[in-house]
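Take a look at the structure set out below.
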Amino acid sequence: MAEKTLLVSKINNGTVIDHIPPGKSFKVLSILNIDSRISYTVTVAVHVMSRKGGFKDIVKIEDRFLQRDELDRISMVAPGATISIIKNYEIVEKFTVKIPEEIVGIVNCPNQNCISNSKEPVKARFIVRSQKPIVIQCFYCQKQLSDSEIVANL
Amino acid sequence: MVLPDHALINTIIAGKKLIYKPVVNPIMLFQKSLVSIEDVSTEDIEEIFRISDNMVKALEAHKNPHIMDSYVMATLFFEPSTRTRLSFESAMLRLGGSVLSVSDVSSSSVAKGETLADTVRMAEAYSDIIVIRHPLEGAARLATQFTGKPIINAGDGSGQHPTQTLLDLFTIWKEFHSIDGLTISMVGDLKYGRTVHSLIMALSRYDVTINLVSPPSLRVPEHFLAKIPRGKKVKITENLDDVIESSDVLYVTRIQKERFADKNEYLGLIGSYSVDERVVEKMKKSAIIMHPLPRVDEIKPEVDFTSNARYFKQASYGVPVRMALVSMIMGVA
Ligand SMILES: [Zn+2]
């Protein structure tokens, strides 16, 4: 019972990221630049039994609300994660992260011969070829990246 | 600016942009860039064949169609490829247009330390159509983002070299008057030879049988095979003899020595993939041998005099196909 209370303990203001694939919460923390220098509280639950069966991770961040590009990044490592925005202990908004059709300036192209890795005034740009499993393709050199390669190049 | 009469029929000047008035079919290529062969619809490819054929006839009759007198082409070559550059420039000159050429942009003062984006913006001010060759993959695609003028990719490191693919297709079409129903065998380096990949992709739009003949270490990559539409007749073999008798087209590519750590391995297998009289004897009478050139050892000189050799003819189509393409893009075809 005590455990259960801890996991569902509400936050006053902030963001709850739920249904993160098990083990991916650390990647989410790194995407959000959450390290020892932050001034707010973050609670992480790893490998929690999900109500739908199976396991998941949960990240609760107090007093921080996420930007569009941060949500896009999360969608790359944790497709299907849900975001709840909490204000005054109430969920004011809840949605599932969505993989954008085009990924601009989020994933770098691992192809060293790709023009997007040179000094040109452009951001790395990928077209999403498949959502599930996720496959993205470099707009410039056409290289295709899957799951693990995307995470490695975030 | 005075436009030639038939160009006036097809175009009106609205602001700075020429608007194509379709007479028969709308040409999708009008004012478009050509970065990858996938940018070109199959209908447009048919139209390119038709217009290229007219250009071949015009050249044979020594009648250069002066339909591009008021147009300027810029050729920006960030790596040398004299053959390709001269082919584009000859095409433009034979159309009556003018050419601005920077043969080695990276070492010239025009572009020292300058980004490709800025070089393209500069070229835009001086020309109507820009041809780019660049060692980095995706360079031509990037160039399209910094100009409203059409860009033609003349090779960008990724093996995207759409005008080579078009002239390869045209050579086959010209010979057989159709691509459907043919058996085409690609021979040699099918792993690194990525111009071969875009030709295979383009061929897979048609009802063809494709044979892929290479040593195991130079086989077409799996991820590329996965892109070939399902239901295509594709056969992978190490043995040229397996396919030689049934082939209508033998497309031979160069196997580079540098691809082998062990030089003995290279020497051991190079013979099995080179075309000599013995191979030609087994071919259909009507079959043709193609090669993107330059060749080294993969086609023996004795083959040059056979009725099947078509690689010099193929190379000669470089100019008329580029003439067709440039005039279609500029809307004066
Ligand atoms: Zn790339």
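Quick note on labels: first sequence line is chain A, next is B, and so on, each numbered from 1. All values below were derived from every heavy atom in this structure, side-chain atoms included, with hydrogens, water molecules and symmetry-related copies excluded.
- In this structure the side chain of B/D156 never reaches within 4.5 angstrom of the side chain of A/Y140, judged on heavy atoms.
- Taken from CD in A/Q142 to CD in B/Q160, the straight-line distance is 5.5 Å, to the nearest 0.5 Å.
- The main-chain N or O of B/A117 is found under 3.5 Å from a side-chain atom of A/E120 such that the two form a donor-acceptor pair.
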Query - Chi angles and distances behind the side-chain contact (heavy atoms from CB on, under 4.5 Å) call for B/R141, A/R125 - result: CA-CA 12 Å; B/R141 185 71 71 197; A/R125 183 167 160 194; over 6 Å; no
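- Closest heavy-atom contact between A/K119 and B/E114: NZ-O, 3.4 Å.
- Proximity to chain B is absent for every atom of A/N117, based on heavy atoms less than 4.5 angstrom apart.
- Within the 4.5 angstrom heavy-atom criterion, no atom of B/H223 approaches chain A.
- Counted within 6.0 Å of CZ on A/F55, heavy atoms from surrounding residues, nucleotides or ligands total more than 12; the atom is thus considered enclosed.
- Note: B/L136 CG to A/S116 OG = 9.5 Å, rounded to the nearest 0.5 Å.
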